[in-house]
Amino acid sequence: MKQAGKNPERGLFISFEGGEGSGKSTQVQKLAESLQEQGFAVTVTREPGGTAGAEALRHILLHARKFHYSPLLEAILFAAARRDHIEQLIAPALAAGQIVLCDRFMDSTRVYQGLAGKVPANMLALLEEIAVAPYRPHISFFLDIAAKTGMARAGGRRNLQEQADRFEKDNLKIQEQRRRAFLKIARKEPERCYIIDADRPAAIIAKDILARLDNKTGIKG
Ligand code: TYD
């Protein structure tokens, strides 16, 4: 099995971020397949969730409107779920030299919980330091799409579900604010973050992501 990082003890941690209907999950799958075909050991996971303990918290977070949690408590729960995910799955996979692909990670907390100062940025940074450091992603792909296009896509998918989760019921304006917040992070951390135009056919996007990954890591050797 090929090692991801140059250091044999360390793998490669890649997160995917974006709004509703940006096609993150499809791209995670496509990249996993390409990397596996090249002989890499890949772990695919998502947030909130990824481990039994974190999935239990996911259930609470996505379906517990009745609890009326404060934005800060919500952020703490996302951070708690993330810590379990790191300890039980991400850190061991990286230590084994694997490539970890995660559908949403810390940038989602910065954007969703931080929007409009709901939770002050310094508190979120503190939580991130406690729960995440030093396991920040090496690379993050931000799948960027106009809120209207993304929500139309998510709407189509939603018909198949019994009930949309609470975070997906948000309106267009909030989606557009989140989009801008993601772009702001990406521009602030250009070493880690890549903005990907997600309003293109999935196969083209997948090629773009692979090319950027190769450019950054020389992963194809
Ligand atoms: P999910 O059904 O996985 O949505 P998506 O397909 O859009 O990723 O639900 C995850 C929801 O949780 C999503 O609306 C974003 C929200 N979320 C946060 O608010 N903060 C976080 O830290 C994370 C990871 C997700």
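Read the numbers this way: they start at 1 and go in the same order the structure lists the ligands and their atoms.
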**OP:** Can you sort out which atoms of ligand 1 are near Tyr112, meaning under 4.0 Å from one of its heavy atoms?
**Re:** 14 (O), 15 (C), 18 (C), 19 (O)

**OP:** Could you name the option among His85, Arg104, Glu17 that has the heavy atom nearest to atom 8 (O) of ligand 1?
**Re:** Arg104

**OP:** Using distance alone, determine whether Asp103 and ligand 1 share an N or O pair under 3.5 Å.
**Re:** no

Original post:
With a 4.0 Å cut-off on heavy atoms, is Arg58 touching ligand 1?
Top reply: yes

**OP:** Please work out whether any backbone atom (N, CA, C, O) or any side-chain heavy atom from C-beta onward of Arg82 is under 4.0 Å from ligand 1, and answer side chain, backbone, both or neither.
**Re:** side chain

Subject >> Close approach, Glu74 and ligand 1, non-hydrogen under 4.0 angstrom >> reply: no

**OP:** Under the side-chain contact (heavy atoms from CB on, under 4.5 Å) rule, what do Ile99 and Leu94 come out as? Steps first, then yes or no, please.
**Re:** CA-CA 7 Å; Ile99 301 179; Leu94 292 175; over 6 Å; no

Subject >> Exercise: do Ser15 and Arg136 side chains pair donor with acceptor under 3.5 Å >> reply: no

Subject >> Glu20: numbered ligand 1 atoms lying under 4.0 Å from its heavy atoms >> reply: 7 (O), 14 (O)

Subject >> Pairing residues for Phe13 by the ring pair (Phe, Tyr, Trp, His ring centres under 6.0 Å) criterion, not counting sequence neighbours >> reply: Phe105

Original post:
Near Thr109, which atoms of ligand 1 are under 4.0 Å from a heavy atom of that residue?
Top reply: 21 (C), 22 (O)

Original post:
Relative to the heavy atoms of Gln113, which atoms of ligand 1 are at a distance of less than 4.0 Å?
Top reply: 18 (C), 19 (O), 20 (N), 21 (C), 22 (O)

Original post:
Thinking salt bridges, do Arg110 and Glu189 make one under a 4.0 Å N-O criterion?
Top reply: yes

Original post:
Heavy-atom contact under 4.0 Å between Lys24 and ligand 1?
Top reply: yes

**OP:** Mind checking ring pair (Phe, Tyr, Trp, His ring centres under 6.0 Å) for Tyr135 and listing every partner two or more places apart, or none if nothing turns up?
**Re:** none

**OP:** May I ask you to say whether Arg192 pairs ionically with Asp107, meaning some side-chain N is under 4.0 Å from a carboxylate O?
**Re:** yes

**OP:** Inspect the contact between Glu47 and Arg82 and indicate whether a charged nitrogen and a carboxylate oxygen are less than 4.0 angstrom apart.
**Re:** yes

Subject >> Modelled atom types, side-chain donor and acceptor of Thr43 and Gln98, under 3.5 Å >> reply: yes

Subject >> Atoms in ligand 1 flagged as close to Leu62, the criterion being non-hydrogen separation under 4.0 Å >> reply: 9 (O), 11 (C), 12 (O)

